[in-house]
Participant: 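Could you have a look at this structure, given as structure tokens, before my questions?
Quick caveat: nothing in here was measured; it's all calculated off a predicted structure. All heavy atoms count here, side chains included; hydrogens, waters and symmetry mates do not. Each chain gets a letter, A, B and so on, in the order its sequence line appears, and its residues count up from 1.
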Protein chains: 2
Amino acid sequence: MLKQERQAYILHQVNLHNKILAVDLCQHINVSNDTIRRDLQELADKGSIIKVHGGALSNSFHKGNLLPEAIYSHAKKQIIAQKAVSLIKDGMFVITGGGTTISELAKALPVELNATFISGSLTALMEYAKHPNIEVISIGDKVSKASKMSIGPDGIMKVRQFTSDLCFLGINAIDLHNGVSDNDWDVVQMKRAMIDSSKMTVCLTISEKINSLQPIQVCSLKAVDLLITELPADHPLLKPYADAGVRIL
Amino acid sequence: MLKQERQAYILHQVNLHNKILAVDLCQHINVSNDTIRRDLQELADKGSIIKVHGGALSNSFHKGNLLPEAIYSHAKKQIIAQKAVSLIKDGMFVITGGGTTISELAKALPVELNATFISGSLTALMEYAKHPNIEVISIGDKVSKASKMSIGPDGIMKVRQFTSDLCFLGINAIDLHNGVSDNDWDVVQMKRAMIDSSKMTVCLTISEKINSLQPIQVCSLKAVDLLITELPADHPLLKPYADAGVRIL
DNA sequence: TTAAAATGTGCAAAAAACTGCAAGTGTAGT
DNA sequence: ACTACACTTGCAGTTTTTTGCACATTTTAA
């Protein structure tokens with residue numbers, strides 16, 4: 001087998017599987033691993049692949065999969081935010097949790113929107129406060145370091161004083177049997193209070209968290225009025241939830 | 001599984017769930033926890049994640065969002081912050097306003113300090129929440145767009161429930177006849193409540209604001225226990241205030 | 001305070017990589 | 001045909017990387 005032929009094969013395999021082991025190539029092509037190593041080195045020098053100890057990775061792994069992974073999921077959250085924004089009408093009272101998805105929601109709010117936003121998340125509040133026409137109400141209490149949220153009985157009591165039109169929660173895990181679940185007891189208490197005090201509960205999550213489970217249940221599926229992901233509403237992954245009575249957006 | 005592949009997976013999981021346990025990773029990837037620990041260490045060294053006992057956290061939350069250089073008279077405010085920090089002892093309850101000077105104070109707090117900080121300023125709260133040993137209590141109410149502070153009767157009532165050891169206020173104007181003055185009615189109400197509810201009131205300001213006047217009086221000079229500027233305590237500009245009974249630092 | 005879990009460190013085995021070298025191959029010019 | 005030469009390939013010895021294990025230490029939780 002010719003050198004160029006061999007390298008073309010390697011490149012093909014790498015791009016196909018996103019990775020390749022040097023030992024596998026040795027067996028497949030039946031050449032010494034020295035030859036394979038030299039091929040990988042040349043391809044890496046040309047920038048066609050990324051050579052690592054034990055084999056090689058596709059370029060898309062770093063440049064198209066890893067770094068943009070953050071951007072990619074960022075894009076997903078923007079899609080989710082757009083859908084969520086469409087639910088908010090002038091004059092509404094909206095209570096929200098925290099997290100990056102909610103921050104995206106805050107950034108996506110149209111400037112002409114007149115509404116009142118209630119939250120205990122410092123990051124979310126900062127975003128809301130930048131908007132010109134939105135009333136912002138901060139829920140105060142002891143601030144949780146992990147979640148950058150005010151959490152405690154005092155805050156929960158304050159939340160219960162409101163009756164909001166919408167409750168937006170970025171969620172960490174949801175599955176058919178256990179509903180929405182999370183891993184922070186105090187945050188869960190706050191989320192429950194938010195759900196109880198609003199007419200409609202909307203859960204926001206990227207699809208990767210669908211069908212995952214965390215130790216503490218926030219609420220059952222019945223309590224979720226609407227589920228928003230970056231996927232289209234008729235996506236098969238969401239079908240079971242639609243069947244269980246959750247509206248999908 | 002290749003090392004880079006593994007680390008990419010870890011990074012993905014961390015960014016997805018905002019946290020990950022080392023033991024879980026061991027099971028998922030099926031390698032020894034030594035390997036996982038080394039991976040976490042490397043990722044943490046690169047700054048991709050934050051390594052903690054038992055696993056790792058996403059660093060996306062903890063990145064600072066204020067550029068220090070953008071703050072006016074940044075160096076002077078750091079000097080002020082250093083002086084102010086020297087007043088805080090372990091176990092104290094400290095109530096603070098907002099503004100860039102207070103943010104500098106927050107950044108200058110020593111990591112080993114154990115104290116409780118109370119504030120209604122979103123920016124200040126964000127800074128306090130980054131510190132490991134500080135209890136943070138958020139005062140909630142309607143958020144003022146201009147000052148990024150929670151302000152209103154509810155918040156004032158909450159402030160009055162505390163008796164703090166120290167009250168730090170960044171001030172906009174101070175002069176001999178009118179004492180401390182400001183230009184935002186709601187903010188002034190909150191500042192008054194903070195002064196009333198603490199044993200000692202400390203005013204922080206850069207020297208440019210000394211001998212200036214704003215429309216609304218916050219408090220008289222008598223109510224100010226301590227005045228901190230970037231100038232040395234015996235500077236002639238401050239002499240009249242010392243004569244009037246204000247301690248200078 | 002005590003027990004369990006997690007961490008750091010040193011070490012050793014296995015895998016992989018690097019280096020130099022020699023044998024094989026193909027090409028071009030004489 | 002034959003030689004010179006560049007190029008490729010495989011081999012052996014050494015070095016580096018990776019990984020798991022044992023043990024002492026630290027941290028956490030009850």
Side-chain angles (χ1 to χ4, degrees), chain A residues 1-11 13-14 17-58 61-62 66 142 144-147 151 182-188 214-216, chain B residues 1-11 13-14 17-59 62 111-114 131-135:
Chain A
M1 188 181 247
L2 295 174
K3 182 182 170 188
Q4 288 168 358
E5 197 182 349
R6 203 174 52 231
Q7 293 194 358
Y9 174 78
I10 293 174
L11 197 53
Q13 289 298 313
V14 169
H17 300 111
N18 279 330
K19 78 159 193 183
I20 195 74
L21 298 178
V23 284
D24 289 348
L25 284 173
C26 292
Q27 291 184 348
H28 292 161
I29 314 183
N30 201 29
V31 289
S32 77
N33 60 8
D34 298 77
T35 302
I36 293 298
R37 219 166 13 79
R38 275 185 278 244
D39 284 338
L40 294 181
Q41 187 64 57
E42 286 182 28
L43 288 169
D45 288 343
K46 282 196 292 183
S48 305
I49 60 171
I50 295 170
K51 190 169 173 292
V52 298
H53 195 96
L57 300 174
S58 161
F61 211 85
H62 273 308
L66 206 88
K142 184 160 167 290
S144 148
K145 296 280 167 59
S147 59
I151 280 167
D182 212 322
N183 55 26
D184 186 318
W185 175 259
D186 292 317
V187 170
V188 167
Q214 293 276 339
I216 311 167
Chain B
M1 190 180 231
L2 296 170
K3 182 184 167 189
Q4 281 78 0
E5 204 182 357
R6 205 175 50 229
Q7 294 192 357
Y9 175 79
I10 293 173
L11 197 53
Q13 289 298 314
V14 169
H17 296 112
N18 287 326
K19 88 169 196 185
I20 194 75
L21 297 178
V23 284
D24 289 347
L25 284 172
C26 293
Q27 291 183 347
H28 293 162
I29 313 183
N30 201 29
V31 290
S32 77
N33 60 6
D34 298 78
T35 303
I36 293 298
R37 238 170 350 89
R38 273 185 280 244
D39 284 337
L40 293 180
Q41 188 64 57
E42 285 182 30
L43 289 169
D45 289 343
K46 282 195 292 183
S48 305
I49 60 172
I50 294 171
K51 192 168 172 291
V52 296
H53 196 97
L57 303 175
S58 163
N59 67 357
H62 307 274
V111 285
E112 64 275 2
L113 178 67
N114 279 283
H131 279 264
N133 299 316
I134 288 176
E135 284 272 334

Participant: Taking only N and O in the side chain of A:Thr35, is any of them less than 4.0 Å away from OP1 or OP2 of D:dG10?
Facilitator: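 Looking at the OP1 and OP2 atoms of D:dG10, one of them is under 4.0 Å from a side-chain N or O of A:Thr35.
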Participant: Between B:Arg37 (CZ) and C:dA5 (P), how many Å, whole number?
Facilitator: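 About 16 Å, once rounded to whole Å.
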Participant: What's the CG-C1' distance between A:Asp34 and C:dA16, to the nearest Å?
Facilitator: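 Value for this atom pair: 11 Å.
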Participant: Over all heavy atoms of both residues, which pair between B:Leu43 and B:Ile10 is shortest? Give the atoms and the distance, please.
Facilitator: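 Result for this residue pair: CD1-CG2, 3.8 Å.
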Participant: Could you please name the option among D:dG20, C:dA6, C:dA17 that lies closest to any side-chain atom of B:Val23?
Facilitator: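 Minimum distance to the B:Val23 side chain belongs to C:dA6.
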Participant: If you find the nucleotide of DNA chain C closest to B:Gln41 and the one closest to A:His53, which residue's nucleotide is nearer the 5' end?
Facilitator: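 This one resolves to B:Gln41.
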Participant: Ignoring backbone atoms, establish whether A:Lys51 has a side-chain N or O less than 4.0 Å from OP1 or OP2 of C:dA16.
Facilitator: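 Indeed not, no polar side-chain atom of A:Lys51 lies that close.
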Participant: Without hydrogens or angle criteria, can the side chains of A:Gln214 and A:Asp182 be said to hold a donor-acceptor pair below 3.5 Å?
Facilitator: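 Not at all, the side chains of A:Gln214 and A:Asp182 share no donor-acceptor pair under 3.5 Å.
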Participant: Heavy atoms only: give me the nearest A:Gln7-A:Lys46 pair and the separation to one decimal.
Facilitator: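 Heavy atoms of A:Gln7 and A:Lys46 come nearest at OE1-NZ, 4.3 Å.
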Participant: What is the separation between atom CG on B:Leu40 and atom C1' on C:dT7, rounded to the nearest whole Å?
Facilitator: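 B:Leu40 atom CG is separated from C:dT7 atom C1' by 12 Å.
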Participant: Can you check the B:Gln4 CD to C:dA17 C1' distance for me, whole Å?
Facilitator: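 B:Gln4 atom CD is separated from C:dA17 atom C1' by 14 Å.
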Participant: From D:dT8, D:dT18, C:dA17, pick the nucleotide closest to the side chain of A:Lys3?
Facilitator: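 Shortest atom-to-atom distance from the side chain points to D:dT8.
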Participant: Looking at the side chain of A:Ala22, which of C:dA17, D:dT28, D:dG20 is the nearest nucleotide?
Facilitator: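 Of the options given, the side chain of A:Ala22 lies nearest C:dA17.
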Participant: Would you confirm whether A:Lys19, through its side chain, and B:Glu5, through its main-chain N or O, come within 3.5 Å as a donor-acceptor pair?
Facilitator: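 No.
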Participant: Output yes when B:Asp39 and B:Lys3 qualify as a salt bridge under the 4.0 Å nitrogen-oxygen rule, no when they do not.
Facilitator: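 Salt bridge flag = no for B:Lys3 with B:Asp39.
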Participant: When the distance from CD1 of B:Ile29 to P of D:dT19 is rounded to whole Å, what number comes out?
Facilitator: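 Atom CD1 in B:Ile29 sits about 11 Å away from atom P in D:dT19.
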Participant: How close or far is atom C1' of C:dG26 from atom CG of A:Leu2, stated in whole angstroms?
Facilitator: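 These atoms are roughly 11 Å apart.
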Participant: Could you state the atom-to-atom distance from CD1 of A:Ile36 to P of D:dT8 in whole Å?
Facilitator: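 Taking atom P of D:dT8 as the reference, CD1 of A:Ile36 is at 15 Å.
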Participant: What integer distance in Å separates B:Arg38:CZ from D:dT17:P?
Facilitator: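 Answer to the nearest Å: 14 Å.
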